[in-house]
Amino acid sequence: MPLAMLKLLFLVAGLYDLLIGLTFLLFGGPLLEWAAIPAPNHWGYLQFAALQLVIFGAMFLSVSRDPVGNRNLIVYGILLKVSYIGMVGYYWSKGECPLLFQPFAVIDAVMLALFLWAYLAPQPPARPNDNRV
């Protein structure tokens, strides 16, 4: 995968997860109410998950800045996507997954495939004037 594509992929992934995380963090109550999903027994559960998405979004932005140097972080993104797809897929298959979460699982499945492609593809060679530490 060309370096420019890697940068774009992880820029989009970073902004996507940041946006979702911030949306659930700041507007989780109204969003769940709109989707007719019962509120958790403590908002900290939702807020913690939202903050994790913000953290992963920041990580993906780090990968976008230096995909070769931060290649090791792609594995954690793969694990995030596998975890979300697995949980939603399980409950979706049982008919117990609210519609709100299903599109995210489909988008994450596409991202998972792209992350795997990015991780398994031959790495572009480092340039001699690379500023990596």
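Because the structure is a prediction, the values reported are computed rather than measured.
- When the side chains of ILVMFWY residues are joined at heavy-atom separations under 4.5 Å, either directly or via intervening members, Val68 and Tyr119 end up in a single hydrophobic cluster.
- Linking ILVMFWY residues whenever their side-chain heavy atoms come closer than 4.5 Å, directly or via other members, places Val82 and Leu9 in the same cluster.
- Criterion: ILVMFWY side-chain heavy atoms under 4.5 Å apart, direct or through other members. Under it, Leu73 and Leu116 are part of a common hydrophobic cluster.
- For residues 41-63, no residue pair satisfies the salt bridge (charged side-chain N to carboxylate O under 4.0 Å, His left out) rule, not counting sequence neighbours.
- The ring-ring contact (aromatic ring centres under 6.0 Å, His included) analysis of residues 80-115, with sequence neighbours excluded, yields the pairs Phe10-Phe115, Phe60-Phe115.
- Tyr16 and Leu25 are assigned to two separate hydrophobic clusters, defined by single-linkage of ILVMFWY side chains at heavy-atom distances under 4.5 Å.
- When every heavy atom of Ala50 is checked against every heavy atom of Gly21, the shortest pair comes out as CB-O, 3.3 Å.
- To the nearest 0.5 Å, the span separating CE on Met59 from CG on Leu80 amounts to 7.0 Å.
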Discussion item. Would Thr23 and Leu31 count as a side chain to side chain contact (heavy atoms under 4.5 Å, CB included) here? Give the steps.
Written reply: CA-CA 8 Å; Thr23 299; Leu31 186 57; 4.2 Å; yes
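- Between Leu46 and Leu32 there is a side-chain heavy-atom pair separated by less than 4.5 Å.
- By the side chain to side chain contact (heavy atoms under 4.5 Å, CB included) test, Ala121 is found to be paired with Trp117, residues two or more places apart in sequence or in another chain being considered.
- For Ser62, the side-chain hydrogen bond (donor to acceptor under 3.5 Å, both in side chains) partners are Arg65, not counting sequence neighbours.
- Atom CE of residue Met111 and atom CD1 of residue Ile85 lie 10.0 Å apart, to the nearest 0.5 angstrom.
- Through ILVMFWY side-chain contacts below 4.5 Å, Leu99 is grouped with nothing and stands alone.
- For Leu11, the side chain to side chain contact (heavy atoms under 4.5 Å, CB included) criterion is met by Leu15, Leu61, Ser64, not counting sequence neighbours.
- Heavy-atom minimum distance, Cys97 versus Gln102: O-NE2, 2.9 Å.
- Between the CD1 atom of Ile37 and the CG atom of Leu100 there is a distance of 4.5 Å, given to the nearest 0.5 Å.
- Nearest approach of Tyr45 to Pro40, heavy atoms of both residues: CD1-CB, 4.4 Å.
- Contact of the Leu112 side chain with the Asp108 side chain is not registered, since no non-hydrogen atoms from C-beta on lie closer than 4.5 Å.
- Of all heavy-atom pairs spanning Leu3 and Pro67, the tightest one is CD1-CG, 3.8 Å.
- Phe48 and Leu26 are not part of a single hydrophobic cluster, where members link through side-chain heavy atoms under 4.5 Å apart.
- With rounding to the nearest 0.5 angstrom, the CD atom of Gln47 is 12.5 Å from the CD atom of Gln52.
- Sorted pairs that involve residues 21-44 and meet salt bridge (charged side-chain N to carboxylate O under 4.0 Å, His left out), not counting sequence neighbours, are lacking altogether.
- Pairs of residues two or more places apart, or lying in two chains, that qualify as salt bridge (charged side-chain N to carboxylate O under 4.0 Å, His left out) and include a residue from residues 11-31 are Asp17-Lys81.
- Sorted by first then second residue, the salt bridge (charged side-chain N to carboxylate O under 4.0 Å, His left out) pairs that include residues 39-62, not counting sequence neighbours, number zero.
- Under the rule for a side chain to side chain contact (heavy atoms under 4.5 Å, CB included), the partners of Val12 that lie at least two apart in sequence or sit in another chain are Leu8.
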